[in-house]
Amino acid sequence: MYYTQALAHIQKIIEENDAKILLQKIVDFLHTSFAHYNWVGIYLIHENMLLLKAWQGKKATEHTKIPLGVGICGSAAQTGKTEIIDNVKDDQRYLACFASTRSELVVPIQKNRRIIGEIDIDSDTPAAFTKNDAQFVEKIADMLSQHIA
Ligand code: SME
């Protein structure tokens, strides 16, 4: 699917669903629409912890709570910067979730200049994520931020 087409669909999901089911619908849609998005999760920050609120993929992760600053996820949540990791095995911060994961994209969600969560995508393909993926997911994070607490 094309990114512009996907963004239009996500906009529709946001307009038509309330906050409770919105996150699940978005991870479901991203996972089914892009073959290299093997696991898609959305974490929200609560008391300095990232809490996994919705995910789609082959398996559940044991990392459903990640302290800020820990792992690639905790790092992105602390700095507010998108992380594109071409080879997770080369990154010392990496918290392994799935043996099959080779690359990872983490995009913080900001609201009123505060980081409130993030979108985390794992791929079984090495260096699966391009700048286009990052920009695409950053747009989703922006669209979402006004609709979540
Ligand atoms: N790999 C992440 C942890 C979350 S799992 O990928 C679902 C990290 O290093 O923070």
Side-chain angles (χ1 to χ4, degrees), residues 1 3 6-7 9-10 13-14 17 19-149:
M1 178 172 297
Y3 295 114
L7 286 172
H9 188 83
I10 286 168
I13 295 177
I14 291 173
N17 294 280
K20 269 191 195 149
I21 54 168
L22 191 56
L23 301 184
Q24 189 61 47
K25 292 230 172 183
I26 289 176
V27 295
D28 290 351
F29 173 71
L30 288 173
H31 180 258
T32 47
S33 305
F34 296 91
H36 59 306
Y37 293 7
N38 295 103
W39 188 93
V40 183
I42 297 179
Y43 289 87
L44 295 182
I45 296 176
H46 184 68
E47 293 175 352
N48 289 331
M49 284 284 235
L50 285 161
L51 306 180
L52 183 62
K53 294 291 181 181
W55 65 274
Q56 188 52 267
K58 257 193 309 233
K59 282 191 206 157
T61 174
E62 61 184 271
H63 298 296
T64 55
K65 282 185 186 181
I66 303 174
L68 291 192
V70 175
I72 296 162
C73 284
S75 183
Q78 210 165 44
T79 63
K81 289 199 181 115
T82 293
E83 293 274 357
I84 300 178
I85 311 298
D86 287 342
N87 182 352
V88 291
K89 290 189 176 141
D90 286 347
D91 197 307
Q92 307 250 322
R93 301 167 301 173
Y94 179 61
L95 292 175
C97 285
F98 317 107
S100 57
T101 299
R102 293 291 170 271
S103 55
E104 183 160 0
L105 169 66
V106 184
V107 172
I109 303 171
Q110 308 216 17
K111 183 174 185 171
N112 305 329
R113 304 200 174 183
R114 216 164 44 88
I115 301 154
I116 59 165
E118 66 192 20
I119 302 171
D120 175 26
I121 308 181
D122 285 25
S123 183
D124 296 348
T125 307
F129 302 107
T130 64
K131 281 224 164 86
N132 289 337
D133 289 291
Q135 284 170 3
F136 167 62
V137 180
E138 282 165 357
K139 280 191 190 133
I140 299 169
D142 272 354
M143 286 157 68
L144 247 184
S145 68
Q146 297 314 314
H147 296 267
I148 50 182

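Worth knowing before you read on, the calculation uses all heavy atoms, side chains too, and leaves out hydrogens, waters and symmetry mates. Note that ligands are numbered from 1 as they come in the structure, with each ligand's atoms numbered from 1 the same way.
The aromatic rings of Y37 and F129 lie tilted to each other, with the angle between the two planes from 30° to 60°. Between Y43 and W39, the ring planes are tilted. Angles from 30° to 60° get that label. Taking the six-membered ring for Trp and thresholds of 30 and 60 degrees, H9 and F29 have nearly parallel ring planes, at less than 30 degrees apart.
At least one N or O atom of I72, backbone or side chain, sits closer than 3.5 Å to an N or O atom of ligand 1. Between C73 and ligand 1, at least one N/O pair is under 3.5 Å apart. Annotation: E104 places an N or O atom under 3.5 Å from an N or O atom of ligand 1; distance criterion only.
Within ligand 1, counting atoms from 1 as listed, the ones closer than 4.0 Å to a heavy atom of Y43 are 4 (C), 7 (C). Atoms of ligand 1 found under 4.0 Å from any heavy atom of Y94 (numbered from 1 in listed order, with element): 1 (N), 9 (O).
Remark: minimum distance from atom 6 (O) of ligand 1 to any protein heavy atom is reached at D122 OD2, 3.0 Å.
Proximity of C97 to ligand 1, defined as any heavy-atom pair under 4.0 Å, is confined to the side chain (atoms from C-beta onward). Using a 4.0 Å cut-off between heavy atoms, D120 contacts ligand 1 through its side chain alone, with no backbone atom that close. Residue-level proximity to ligand 1 for W55 is absent, since no heavy atom of it falls below 4.0 angstrom.
D133 and T130 share a side-chain donor-acceptor pair at under 3.5 Å.
Within the 4.5 Å cutoff, the side chain of T82 has no heavy atoms near those of the V137 side chain.
In terms of modelled atom types and a separation under 3.5 Å, the side chain of E104 and the main chain of I121 share no donor-acceptor contact. Put simply, the side chain of S100 never gets that close to the backbone of D124: no donor and acceptor are under 3.5 Å apart.
Distances from atom 9 (O) of ligand 1 to the heavy atoms of T64, T61, L95 show the closest one on L95.
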